[in-house]
Each structure stands twice: as structure tokens, then as C-alpha cells.
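First the proteins, then the strands, lettered A, B, ... as listed; each starts at 1.
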Amino acid sequence: MGNLIKELHKMAGSNRLSQSFFCRDVLTVAPDLLGKYIVIKNGNAINRFMITEVEAYRGEEDLACHASRGRTERTRVLYSQGGAIYVYLIYGMYWMFNIVTGEQDNPQAVLLRGIESVSGPGRVSKKLNINKSYYGEDITQSARIWIEDSDVRRKIFTGPRIGIDYAGPYWSKMPWRYWIENE
DNA sequence: AGCAAGATCGGT
DNA sequence: CCGATCTTGCTG
């Protein structure tokens with residue numbers, strides 16, 4: 001697509017990532033989100049932050065994934081198709097913000113761990129004002145939150161996921177954390 | 001009904 | 001390293 005057309009699309013607000021982006025495997029979607037923008041409306045303000053760090057959680061077999069213990073009230077949304085938002089409270093204090101990926105009944109999600117100048121999933125959600133009300137919302141349709149495409153291309157680093165030792169050595173060593181430098 | 005654990009963070 | 005803080009899911 002030519003640059004002019006791209007700019008026109010941006011102005012028309014059609015730069016939002018759609019369902020086809022999120023319906024792919026989480027190991028494809030997670031690194032692909034780096035450099036893109038999360039856009040959120042809080043009242044009159046629209047804030048836009050580049051995504052700099054994510055983690056992939058992949059299916060019932062992944063012992064670090066909440067779906068490893070099957071469908072429960074909390075994990076219900078993980079089984080919907082890509083684009084649904086999965087939020088939950090951890091340690092009674094911090095909201096974890098995830099985007100479901102893949103096809104229906106294939107529970108996967110990307111955890112948002114870092115945005116420009118903010119690292120740590122709890123701090124990210126605090127900055128974005130995320131709370132339980134986002135549970136189940138469709139990020140490809142919502143009027144208050146969406147992901148915007150971008151042309152940013154940076155070197156992608158990978159490493160093990162954080163804080164999941166309970167999943168055992170095999171799953172906790174999977175290099176499913178992806179990040180770019182904050183600059 | 002009770003309890004243990006948790007995809008974290010900030011302060012010692 | 002430790003405590004905060006509360007929802008969830010499992011057990012009995």
C-alpha cells in the first residue's frame with residue numbers, strides 16, 4: 001500500500017488491527033505486536049503507547065497458562081477467538097492485561113508486560129487504567145481500546161517468561177517473552 | 001466454609 | 001528479602 005493511501009487510512013481511523021491479526025497462533029502474534037500501539041480512551045483523553053514487551057501463553061498443555069487447568073469462570077474468555085481481552089487481578093493488587101489469540105476453543109493469550117517508558121505488567125495496567133470492566137471486551141471492536149498498526153521495526157529479543165516457576169523447568173524455560181529496546 | 005497460592009511491586 | 005491484599009479454585 002502506498003504511503004499516501006496509508007495516511008488516508010490512518011485519518012479515517014482504519015489503522016486498527018482486526019480479527020485476522022489476532023486469530024493467528026500466539027507465537028506469531030506476540031512478537032508481531034512489538035512496535036505497534038495500544039490506544040486507550042479515558043474520558044476525553046486518547047492515549048497511545050508503543051508496545052515494547054509481551055509474553056505468550058499457549059494452550060492447556062502450557063503449564064504456565066491459566067487454561068492448563070481447563071475452563072473455569074476466570075479462564076472462560078481464553079477460549080473465545082482472537083481479539084478478546086483477558087484481565088485478572090493478581091496478588092489482590094495488580095491487573096494483568098492480556099489479549100486472546102488464535103481460533104475459538106484454542107486457549108492462548110498475550111500478556112502485555114511493557115509499553116514505552118513503563119515496564120512490568122502491573123505498572124502497565126495502572127498507566128492504562130485497566131480494570132475488571134475490560135474482561136471479555138473485543139479489542140477489534142471496542143470504542144475505548146484498540147491496537148494500531150505501525151511501521152516500527154526493531155530487533156526483537158527473546159527469553160524465558162517471568163514469574164512462572166510453578167510451571168516446572170520445561171515450561172518456565174520456554175523463550176516466550178519478547179521485547180524490543182525502549183529507546 | 002475454609003484455605004492456599006498467585007503471569008507483582010515497592011520498600012528494607 | 002518480605003509484606004501487602006483479595007480473588008479464585010480446590011478440598012472437605
Report the nucleotide, chosen from C:dT5, C:dG9, B:dA7, that has the shortest atom-to-atom distance to any side-chain atom of A:H66. B:dA7
Start at the 5' end of DNA chain C and walk down; is the nucleotide closest to A:T72 or to A:G92 reached first? A:G92
Taking 4.0 Å as the cut-off, does a side-chain nitrogen or oxygen of A:R123 come that near to OP1 or OP2 on B:dG10? yes
Counting the atoms with a prime plus P, OP1 and OP2 as sugar-phosphate, which does A:K132 contact under 4.0 Å by heavy atoms, base, sugar-phosphate, or nothing? sugar-phosphate
If I take atom OH in residue A:Y91 and atom C1' in nucleotide B:dT8, what distance separates them, rounded to the nearest angstrom? 6 Å
Complement of C:dC6, any strand, by Watson-Crick or G-U distances under 3.5 angstrom: B:dG6
Can you tell me how far P of B:dG10 sits from NZ of A:K126, to the nearest Å? 7 Å
Look at all strands and tell whether A:L111 reaches a base, only sugar-phosphate, or nothing, counting heavy atoms closer than 4.0 Å. base
Ion pair present between A:R161 and A:E55, side-chain N to carboxylate O less than 4.0 angstrom? no
A:Q108 versus A:T101, side-chain donor and acceptor atoms under 3.5 Å: yes
Rounded to the Å, how far apart are A:Y88 OH and C:dT8 P? 13 Å
In a check of side-chain contact (heavy atoms from CB on, under 4.5 Å) between A:I38 and each of A:I99, A:N47, A:I115, which one passes? A:I115
Name the closest nucleotide to the A:L89 side chain, picking from B:dC9, C:dT7, C:dG9. C:dT7
Students often get this wrong, so: under 4.0 angstrom with heavy atoms, is A:R74 touching a base, only sugar-phosphate, or nothing? sugar-phosphate
To the nearest Å, how far apart are A:W95 CH2 and B:dT8 P? 15 Å
Distance, rounded to the nearest Å, where A:R161 contributes CZ and B:dT8 contributes C1': 17 Å
Between A:F21 and A:R24, is there a cation-pi geometry (under 6.0 Å to ring centre, at most 45° from the normal)? yes
What nucleotide among B:dC9, C:dG9, C:dA4 has an atom nearest to a side-chain atom of A:M93? C:dA4
Which whole-number value in Å describes the distance from A:Y135 OH to C:dT8 P? 9 Å
Any A:Y166 side-chain nitrogen or oxygen under 4.0 Å from OP1 or OP2 of B:dA7: yes
Output yes when at least one side-chain N/O atom of A:R113 is less than 4.0 Å from OP1 or OP2 of B:dT8, else no. yes
Checking all strands, does A:M96 fall into the base, sugar-phosphate, or nothing category for heavy-atom contacts under 4.0 angstrom? sugar-phosphate
In whole angstroms, the gap separating P of B:dG6 from OH of A:Y57 amounts to 13 Å
Between the side chains of A:E137 and A:Y86, is a donor N or O closer than 3.5 angstrom to an acceptor N or O? no
Is C:dT11 paired to anything, Watson-Crick or G-U wobble with both distances less than 3.5 Å, and if yes, which nucleotide? B:dA1
Can you name the closest pair of heavy atoms from A:E53 and A:L34 and give their distance? N-CD2, 3.7 Å
Between atom OH in A:Y94 and atom P in C:dA4, what is the gap in whole Å? 12 Å
